[in-house]
Engineer: 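Below you'll find the structure I mean.
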2 protein chains.
Amino acid sequence: MTKRPTLADVAARAGVSVALVSIAMRGAKGVSAATSEQIFKAAQEIGYRPDARARLLRSRRSRLLGVQFGLSYPFHADLVEALYAVAESAGYQLALSAVAASRGEQRATEALLDDRCEALILLGPQAPVARLEKLAAQLPVICVARRLPSTPGVDVVRTADDDGARQAVDHLVSLGHRDIVHIDGGRAPGAADRRRGYRSAMHRHGLPSSFVPGGLTEQDGAAAARGLLAAPSRPTAVLAFNDQCATGVLDVFLRSGIGVPGQISVVGFDDSHLARLAHINLTTVGQDIPRLADLAVVRALARLEGQQTPGTETVVAPHLIVRGTTAAL
Amino acid sequence: MTKRPTLADVAARAGVSVALVSIAMRGAKGVSAATSEQIFKAAQEIGYRPDARARLLRSRRSRLLGVQFGLSYPFHADLVEALYAVAESAGYQLALSAVAASRGEQRATEALLDDRCEALILLGPQAPVARLEKLAAQLPVICVARRLPSTPGVDVVRTADDDGARQAVDHLVSLGHRDIVHIDGGRAPGAADRRRGYRSAMHRHGLPSSFVPGGLTEQDGAAAARGLLAAPSRPTAVLAFNDQCATGVLDVFLRSGIGVPGQISVVGFDDSHLARLAHINLTTVGQDIPRLADLAVVRALARLEGQQTPGTETVVAPHLIVRGTTAAL
DNA sequence: TTGAAAGCGCTAACAG
DNA sequence: CTGTTAGCGCTTTCAA
């Protein structure tokens with residue numbers, strides 16, 4: 001529990017000035033190989049690690065990207081993991097701030113601001129546009145997986161949710177399905193687009209749309225599925241809002257002895273970790289998580305380098321991943 | 001994107017010295033009510049927020065608790081949420097560092113150290129004891145949900161996993177089950193204790209133990225369940241390592257047309273968010289998450305306040321939560 | 001009650 | 001290539 005060594009300690013031990021140690025530790029050029037080696041040896045010996053905060057206090061850059069995510073969304077977890085990788089290769093660190101039932105988005109972003117993050121990457125934020133705009137006046141703000149009316153200073157990186165829904169419908173129709181229900185996501189980010197994509201694709205095939213209110217949790221899917229079973233006639237296929245919702249749907253069907261995909265086909269959305277589980281084996285519309293993460297960071301860096309755009313929107317194409325929950329009628 | 005206001009800006013606007021503003025902002029005593037009001041008004045007007053890092057750089061305390069957690073464990077997510085609440089009421093902030101496939105524990109803890117956290121709270125860490133001991137030499141380390149041979153400087157807060165398994169077995173036996181299999185957690189934290197608890201409880205009831213290798217993911221549970229189905233005879237009840245594992249088990253059973261709890265009973269462990277979902281409705285051994293979180297913080301603070309113990313172990317009692325996946329034979 | 005001044009650990013000019 | 005110097009935004013003596 002001894003005090004952590006500082007630059008000065010390393011300098012003393014290596015017999016050089018602090019400045020030189022600073023240069024060496026940062027890997028900047030301007031130190032002889034021999035000296036550098038001595039310095040690293042000294043640092044190693046006393047277990048020196050640079051103080052991230054002092055460092056950022058001095059250099060006006062924190063090289064910190066603030067990420068706000070939802071604790072209970074596997075899709076966010078996947079995104080966070082991808083972001084770690086991208087950020088690192090861009091020379092940035094991540095500061096995580098979770099949103100949960102007892103911790104709202106405002107609290108989450110404020111913590112990030114107090115940490116002096118250089119930019120904010122918000123995963124599926126629900127905050128009102130006005131608040132995002134206010135944040136964007138202070139630092140670059142990137143919204144991932146939420147559509148937004150063009151907002152000054154806010155960049156959006158999202159999946160083409162409407163096209164994803166279309167792909168799902170096309171797939172189901174090509175399998176012979178005509179009675180396809182969409183369990184929607186209500187007011188969740190992306191839900192409106194998925195509804196729209198579903199509706200227009202159905203229309204294009206000359207089929208009537210059929211919506212059931214859903215949501216983004218297993219519970220929502222389960223409730224919707226129970227509703228479906230209680231109705232006089234049952235569809236032959238279901239497009240769920242997301243994978244979690246689809247999982248709830250699957251569960252209820254299985255419990256009721258309804259075979260999937262034998263009696264009914266189910267399609268999810270996201271291709272989160274969940275869908276890939278062997279025992280779920282869910283046909284789903286895959287969001288390109290690495291690409292979303294990459295673009296989010298790229299956008300953030302672009303703004304940090306002074307690019308002044310009114311607010312960009314980058315749309316990433318989804319792609320259907322056919323697994324085991326869909327079959328020909 | 002204007003520069004954030006500093007203490008000096010507030011001081012200038014309020015017509016006082018920075019020192020006074022500092023005192024006021026911290027809510028320390030020594031400022032007249034009138035001045036204080038002026039200061040807060042000025043701060044408010046220019047949107048001042050203290051710089052967390054500069055603050056900690058100066059006062060040798062960061063009031064930061066570093067939390068390492070696994071991105072893909074719902075149980076950890078629940079703990080993190082609970083920790084946020086406890087930390088806040090103790091006047092501390094949380095620094096989150098995630099462990100994922102592409103980001104090992106070492107990386108995670110190092111990030112926390114560089115942030116100058118005052119203590120480390122590790123959720124289900126897998127790191128070797130030697131490493132934990134080394135960390136504990138630098139700062140208080142609290143291991144949550146992992147049993148550890150008494151280690152100098154490391155405090156352990158965990159659930160009585162053995163007793164939890166015992167409760168599950170007692171419950172199943174009281175329902176008339178005698179053929180109870182345990183799908184274990186392999187080398188996962190807590191797995192050994194749960195095995196032991198299961199074995200001794202079975203023994204006490206005069207029943208033979210029966211283990212199936214499992215793990216902590218849905219996949220592990222699903223694989224184990226498939227193995228069970230392939231065997232010549234099937235048990236009447238299963239105790240899974242945790243809720244995720246149990247979910248995988250449930251899924252496979254449902255798919256195979258095996259009614260739960262009609263034909264077989266299933267018990268999980270953790271009472272994570274997952275188990276509580278209406279459609280899963282899993283009978284499970286509940287870990288007392290708020291209490292684990294509370295104790296973790298209490299232990300950390302005790303050490304920060306100079307308490308020097310060789311390494312404590314606090315064991316929290318679990319309690320069986322009977323839901324819908326268990327029934328009388 | 002208030003202010004001046006010193007420094008936390010580090011980086012960034014600028015000299016030598 | 002190396003050292004000196006001056007702060008980053010804040011807290012904290014110590015005087016006034």
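Everything quoted here is computed from the prediction, not taken from an experiment. So you know, we letter chains A, B, ... as the sequences are listed, proteins then strands, and number each from 1.
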Engineer: Looking only at heavy atoms, which two atoms of A:Ser97 and A:Ala108 are closest? And how far apart?
Structural biologist: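 In terms of heavy atoms, the two residues are closest at OG-O, 3.0 Å.
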Engineer: Rounded at 0.5 Å granularity, tell me how far CG in A:Leu65 sits from CD in A:Gln93.
Structural biologist: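 Going from the CG atom of A:Leu65 to the CD atom of A:Gln93 covers 10.0 Å.
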Engineer: Find the distance between CD1 (A:Ile142) and CD1 (A:Ile121) and round it off to the nearest 0.5 Å.
Structural biologist: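 Reported to 0.5 Å precision, the distance equals 6.5 Å.
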Engineer: So does A:Glu105 get a backbone contact from the side chain of A:Gln68, meaning a donor-acceptor N/O pair under 3.5 Å?
Structural biologist: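 Here the side-chain-to-backbone pair exists.
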Engineer: Side chains of residues 78-90 of chain A: which donor-acceptor partners sit under 3.5 Å, not counting sequence neighbours?
Structural biologist:
{"unit_1": "A:Asp78", "atom_1": "OD2", "unit_2": "A:His273", "atom_2": "N", "d": "3.0"}
{"unit_1": "A:Glu81", "atom_1": "OE2", "unit_2": "B:Ala101", "atom_2": "N", "d": "3.3"}
{"unit_1": "A:Glu81", "atom_1": "OE2", "unit_2": "B:Ser102", "atom_2": "N", "d": "3.1"}
{"unit_1": "A:Glu81", "atom_1": "OE2", "unit_2": "B:Ser102", "atom_2": "OG", "d": "3.1"}
{"unit_1": "A:Tyr84", "atom_1": "OH", "unit_2": "B:Ala98", "atom_2": "N", "d": "3.1"}
{"unit_1": "A:Tyr84", "atom_1": "OH", "unit_2": "B:Arg103", "atom_2": "NH1", "d": "3.3"}
{"unit_1": "A:Glu88", "atom_1": "OE1", "unit_2": "B:Arg107", "atom_2": "NH2", "d": "3.1"}
{"unit_1": "A:Glu88", "atom_1": "OE2", "unit_2": "B:Arg107", "atom_2": "NH2", "d": "3.2"}
{"unit_1": "A:Ser89", "atom_1": "OG", "unit_2": "A:Val86", "atom_2": "O", "d": "3.0"}

Engineer: Over all heavy atoms of both residues, which pair between A:Ala145 and A:Phe75 is shortest? Give the atoms and the distance, please.
Structural biologist: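 The pair with the smallest heavy-atom distance is CB-CE2, 4.1 Å.
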Engineer: List in chain and number order the residues that pass side chain to side chain donor-acceptor pair (under 3.5 Å) with A:Ser36, two or more places apart in sequence or in another chain; answer none if no residue qualifies.
Structural biologist: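 Testing A:Ser36 for side chain to side chain donor-acceptor pair (under 3.5 Å), a comparison that skips the adjacent residues, returns none.
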Engineer: Please give me every residue in residues 32-42 of chain A whose heavy atoms get under 4.0 Å of an atom in DNA chain C, ordered by residue number.
Structural biologist: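 Here the set is empty: none.
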Engineer: Rounded to the nearest Å, what distance is computed from the CG atom of residue B:Leu57 to the P atom of nucleotide C:dA6?
Structural biologist: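 Rounded to the whole Å, the gap is 18 Å.
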Engineer: Can you name the side-chain contact (heavy atoms from CB on, under 4.5 Å) partners of B:Val129, sequence neighbours left out?
Structural biologist: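 If we apply the side-chain contact (heavy atoms from CB on, under 4.5 Å) test to B:Val129, skipping adjacent residues, the hits are B:Glu133, B:Arg146, B:Leu148, B:Pro149, B:Thr151.
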Engineer: Within the 3.5 Å criterion, strictly below it, is a donor on A:Arg131 or A:Thr109 matched to an acceptor on the partner's side chain?
Structural biologist: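 The criterion, which ignores hydrogens and geometry beyond distance, is satisfied for A:Thr109 and A:Arg131.
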Engineer: Determine yes or no for a side-chain-to-main-chain donor-acceptor pair under 3.5 angstrom, with B:Ser59 supplying the side chain and B:Arg55 the backbone.
Structural biologist: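 Yes, B:Ser59 side chain to B:Arg55 backbone: donor-acceptor pair under 3.5 Å.
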Engineer: Five pairs per end, C1' atoms only: what is the angle between the end axes of the helix from C:dT1-D:dA16 to C:dG16-D:dC1, to 10 degrees?
Structural biologist: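 Answer rounded to 10°: the end axes differ by 40°.
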Engineer: Please encode protein proximity along nucleotides 10-16 of chain C as a string of B, S and -, counting only heavy-atom distances under 4.0 Å.
Structural biologist: BBB----
